[in-house]
Colleague: 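Mind looking over this structure? Questions follow.
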Amino acid sequence: MLLQVRDLKVTLQDQGQRLRAVRGVDLDLAAGETLCVVGESGCGKSMTALALMQLLPRGAELSSSKLQFDGIELSKLSRHKLSALRGRRISMIFQEPMTALNPVFTIGDQLRAVYRRHTGVSSAEAQARAIEVLESVGLTNAELRMKQFPHQLSGGLRQRVLIAMALMCEPEMIICDEPTTALDATTQAQILRILKEAQSARKMGMLFITHDLGVVARIADRVAVMYAGRIVEHGSRAAVLRSPAHPYTKGLIASVPRPQDGGTGSKRLASIPGNVPAFHHEDPRCPFLSRCPKRMSICTREAPPVRQTEAGQQVACHLPLDAQEALTA
Ligand SMILES: Nc1ncnc2c1ncn2[C@@H]1O[C@H](COP(=O)(O)OP(=O)(O)O)[C@@H](O)[C@H]1O
Ligand code: SF4
Ligand SMILES: [Mg+2]
């Protein structure tokens with residue numbers, strides 16, 4: 001297994017209070033596989049990704065019983081070994097393209113620097129590699145683009161540059177945090193295709209964070225549905241999208257506007273009534289309790305059991321599985 005995560009917890013400092021942003025997450029990712037982590041804004045998706053990269057904000061506390069990449073325990077690595085791994089064997093495409101690029105250096109400076117830091121090759125070799133990768137992500141006039149600064153590029157071009165930067169050293173695993181959210185549908189489709197091509201060429205493992213179920217339907221092998229710091233349902237793309245079992249997953253899928261209902265056809269999540277709660281204390285009960293239309297009295301007292309459905313996904317809920325299947329029907 002390329003990535004194995006067990007009982008990952010992230011606690012942040014939030015105006016003097018401890019905010020439990022990630023509350024016991026398990027993840028596995030194999031080489032060549034795409035795992036989509038899906039959930040509304042504020043569910044802890046980005047903090048999970050940043051914890052894997054060991055790039056959490058200042059003051060954050062991280063704990064886990066296992067945080068292994070290719071058998072290497074990431075939480076025990078020295079800073080030096082971590083920075084040798086990041087960008088080379090593991091890459092991340094961040095949610096904000098502008099914050100991930102340095103405004104005072106040209107695109108070329110930044111691409112060459114990443115490659116030279118990890119490989120020690122000459123500037124000319126790094127230049128050749130940068131042009132090759134920029135062209136592979138669909139940038140025309142790559143040589144000219146290399147001389148430009150980030151603010152001179154459109155959002156779509158900047159995102160391609162970030163993908164190029166992440167792919168420069170041919171990583172074995174890539175973490176993509178909502179890389180296409182700000183882009184128009186055509187650019188989004190092109191970027192997904194580029195990522196999938198790069199993945200299949202090298203059997204790269206891809207952890208893809210999104211709140212867009214249309215993206216999930218296109219690229220996922222497996223899906224982990226995240227809610228308020230926990231994974232509430234996890235299984236193959238077909239199982240989770242065709243026969244969702246957890247009431248939260250059902251809510252997400254039901255809230256996708258359908259064109260025939262006068263929606264825009266965009267597969268963005270519309271809202272489920274209520275907000276994602278913030279947890280300041282340990283609470284073993286179901287995270288969806290405050291919004292769940294199927295809530296029962298046992299839900300207010302006991303932690304939900306994790307069970308396997310007939311379609312093979314795992315779901316953390318008190319509802320009997322036969323009732324869940326009936327709900328699906
Ligand atoms: N730098 C930060 N300091 C304190 N709290 C934060 C910080 N960044 C995010 N949070 C909070 O952590 C929780 C999880 O955030 P995040 O992982 O960014 O969610 P998502 O990526 O799923 O939208 C949210 O409640 C958010 O408000
Ligand atoms: S455990 Fe209870 S509150 Fe949580 S999703 Fe299932 S039915 Fe709803
Ligand atoms: Mg996020």
Side-chain angles (χ1 to χ4, degrees), residues 8-23 25 36-53 55-62 92-97 99-100 175-182 207-212 215 224-233 244-252 254 268-269 271-280 283-307 309 313-328:
L8 176 69
K9 293 179 180 160
V10 177
T11 304
L12 300 165
Q13 294 301 327
D14 178 32
Q15 298 170 350
Q17 278 190 301
R18 297 177 79 223
L19 174 71
R20 292 168 200 271
V22 182
R23 303 186 299 134
V25 158
C36 280
V37 177
V38 62
E40 286 160 289
S41 187
C43 282
K45 304 183 299 297
S46 290
M47 289 302 144
T48 301
L50 293 172
L52 301 181
M53 296 295 283
L55 288 174
L56 286 167
R58 198 179 288 269
E61 293 165 41
L62 180 153
M92 179 159 171
I93 301 171
F94 294 88
Q95 199 166 352
E96 296 295 332
T99 53
I175 300 173
C176 308
D177 191 359
E178 312 219 21
T180 60
T181 303
L207 186 78
F208 197 103
I209 295 172
T210 180
H211 60 253
D212 188 331
V215 171
V225 181
M226 192 160 185
Y227 186 77
R230 296 236 182 93
I231 306 287
V232 295
E233 177 162 356
H246 195 280
Y248 178 61
T249 318
K250 286 173 189 284
L252 284 186
R268 297 271 159 84
L269 298 182
S271 64
I272 300 172
N275 295 312
V276 180
F279 285 89
H280 297 289
D283 189 342
R285 298 175 303 170
C286 173
F288 197 45
L289 185 63
S290 62
R291 290 165 87 188
C292 181
K294 304 287 172 196
R295 179 176 56 223
M296 301 170 286
S297 73
I298 190 173
C299 308
T300 63
R301 298 190 304 272
E302 291 179 21
V306 178
R307 284 175 298 184
T309 66
Q313 76 262 49
Q314 292 175 324
V315 51
C317 180
H318 283 293
L319 273 181
L321 285 177
D322 51 353
Q324 285 170 337
E325 273 142 26
L327 282 172
T328 321

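FYI, the numbering just counts along the sequence from 1. Here the structure is a predicted model, which is why all the values come from computation and not from measurement. First listed ligand is number 1; within each ligand, the first listed atom is number 1.
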Colleague: More than 12 non-hydrogen atoms from neighbouring residues, nucleotides or ligands closer than 6.0 Å to CG on Asn275, yes or no?
Modeller: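 Not more than 12 within 6.0 Å, no.
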Colleague: Find the distance between CE (Met47) and CG (Leu55) and round it off to the nearest 0.5 Å.
Modeller: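 Reported value, rounded in 0.5 Å steps: 11.0 Å.
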Colleague: Evaluate Gln95 for polar contact with ligand 1, using N/O atom pairs at a separation under 3.5 Å.
Modeller: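 It does not: no N or O of Gln95 is found under 3.5 Å from an N or O of ligand 1.
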Colleague: What atoms of ligand 1 come closer than 4.0 angstrom to any heavy atom of Met47?
Modeller: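 Those of ligand 1 that fall under 4.0 Å from Met47 are 7 (C), 8 (N), 9 (C), 17 (O).
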Colleague: Rounded to the nearest 0.5 Å, what separation is found between the SG atom of Cys36 and the CG atom of Asp212?
Modeller: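 Cys36 SG to Asp212 CG: 9.5 Å, rounded to 0.5 Å.
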Colleague: Answer with side chain, backbone, both or neither: which part of Cys317 has a heavy atom less than 4.0 angstrom from an atom of ligand 2?
Modeller: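 Answer for Cys317: both.
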Colleague: So, does Glu233 use its side chain to make a donor-acceptor pair with the main chain of Ala245 at under 3.5 Å?
Modeller: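 Flag set: sc Glu233 to bb Ala245 pair under 3.5 Å.
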Colleague: Below 4.0 angstrom from a heavy atom of His246, which ligand 2 atoms are there? Numbered from 1 as shown, please.
Modeller: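 In order of number, 5 (S).
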Colleague: May I ask you to list the atoms of ligand 2 that are less than 4.0 angstrom from any heavy atom of His318?
Modeller: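 The atoms of ligand 2 under 4.0 Å from a heavy atom of His318 are 1 (S), 6 (Fe).
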Colleague: Quick one: does ligand 1 sit under 4.0 Å from the side chain of Ile209, the backbone, both or neither, non-hydrogen atoms only?
Modeller: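 Near ligand 1, Ile209 shows nothing, with every heavy atom at 4.0 Å or more.
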Colleague: Look up atom NE2 in His211 and atom CD1 in Ile209, then write down how far apart they are to the nearest 0.5 Å.
Modeller: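 One gets 12.0 Å once the value is rounded to the nearest 0.5 Å.
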Colleague: Please list, in number order, the atoms of ligand 2 under 4.0 Å from a heavy atom of Cys292.
Modeller: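 Under 4.0 Å from Cys292, ligand 2 has these atoms: 3 (S), 5 (S), 7 (S), 8 (Fe).
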Colleague: Check ligand 1 against Gln13 and write out every atom of the ligand that is under 4.0 Å from a heavy-atom position of the residue.
Modeller: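 Numbered from 1, ligand 1 contributes 4 (C).
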Colleague: With heavy atoms of Ser41 as the reference, note each atom of ligand 1 found under 4.0 Å away.
Modeller: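 In order of number, 23 (O).
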Colleague: At less than 4.0 angstrom from any non-hydrogen atom of Cys43, what atoms of ligand 1 do you find?
Modeller: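 Selected atoms, number and element: 19 (O), 20 (P), 22 (O).
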Colleague: Side chain, backbone, both or neither: which part of Met226 has a heavy atom under 4.0 Å from ligand 1?
Modeller: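 The answer is neither.
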Colleague: Ligand 1 and Asp14, any nitrogen or oxygen pair closer than 3.5 angstrom?
Modeller: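 Between Asp14 and ligand 1, no N or O pair is found under 3.5 Å apart.
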Colleague: Of all heavy-atom pairs between Leu8 and Val22, which one has the smallest distance, and what is that distance?
Modeller: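 Nearest pair, atom of Leu8 first, then Val22: O-CG1, 3.4 Å.
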Colleague: Would you name the heavy atoms of Lys45 and Val38 that are closest together and state the gap between them?
Modeller: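 Looking at all heavy atoms of both residues, the shortest contact is CD-C, 4.1 Å.
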Colleague: Can you find a pair of side-chain heavy atoms, one from Thr181 and one from Gln95, that are under 4.5 Å apart?
Modeller: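 They are not in side-chain contact.
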Colleague: Run the numbers for me: atoms of ligand 1, each under 4.0 Å from some heavy atom of Leu19, listed by number.
Modeller: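 By the 4.0 Å cutoff, the relevant atoms are 5 (N), 11 (C), 12 (O), 25 (O).
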Colleague: Which of the atoms of ligand 1 are close to Ser46, meaning less than 4.0 Å from one of its heavy atoms?
Modeller: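 So the answer, numbered in order with elements, is 17 (O), 18 (O), 20 (P), 21 (O).
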Colleague: Considering only heavy atoms, which of Gly42, Pro57, Gly44 lies nearest to atom 24 (C) of ligand 1?
Modeller: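 Looking at heavy atoms only, the winner is Gly42.
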Colleague: Which class fits the ring pair His246 and Phe288: parallel under 30°, tilted 30 to 60°, perpendicular over 60°?
Modeller: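 Tilted: the ring planes of His246 and Phe288 meet at 30° to 60°.
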Colleague: Does His211 reach ligand 1, in the sense of a heavy atom lying below 4.0 Å from it?
Modeller: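 His211 does not count as a contact of ligand 1 under the 4.0 Å cut-off.
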Colleague: Over all heavy atoms of both residues, which pair between Arg230 and Pro284 is shortest? Give the atoms and the distance, please.
Modeller: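 Closest approach of Arg230 to Pro284: NH2-CA, 3.7 Å.
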Colleague: Protein heavy-atom contact under 4.0 Å for atom 26 (C) of ligand 1?
Modeller: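 No, no protein heavy atom sits under 4.0 Å from atom 26 (C) of ligand 1.
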Colleague: For atom 13 (C) of ligand 1, find the nearest protein heavy atom and state the residue, atom name and distance (0.1 Å precision).
Modeller: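 Closest protein heavy atom to atom 13 (C) of ligand 1: Ala21 CB, 4.0 Å.
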Colleague: Test of understanding: given a 4.0 Å heavy-atom threshold, classify the contact between Leu12 and ligand 1 as side chain, backbone, both, or neither.
Modeller: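 Near ligand 1, Leu12 shows its side chain, while the N, CA, C and O stay back.
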Colleague: Is it true that some N/O/S atom of Cys299, main chain or side chain, lies under 2.8 Å from atom 6 (Fe) of ligand 2?
Modeller: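 No, Cys299 does not qualify, because none of its backbone or side-chain N, O or S atoms lies under 2.8 Å.
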Colleague: Please identify which atoms of ligand 2 are closer than 4.0 Å to at least one heavy atom of Pro247.
Modeller: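 Those of ligand 2 that fall under 4.0 Å from Pro247 are 5 (S).
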Colleague: Compare every heavy atom of Ala228 with every heavy atom of Phe279, then report the nearest pair and how far apart it is.
Modeller: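 Scanning both residues completely, I find the closest heavy atoms to be CE1-CB, 3.7 Å.
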Colleague: Kindly give the heavy-atom pair with the smallest separation between Val306 and Gln314, and that separation in Å.
Modeller: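 Looks like CG1-CB, 4.1 Å.
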Colleague: Taking all heavy atoms of Cys299 and all of His318, pick out the closest pair and write down the distance.
Modeller: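 Residues Cys299 and His318, closest heavy atoms: CA-CD2, 3.7 Å.
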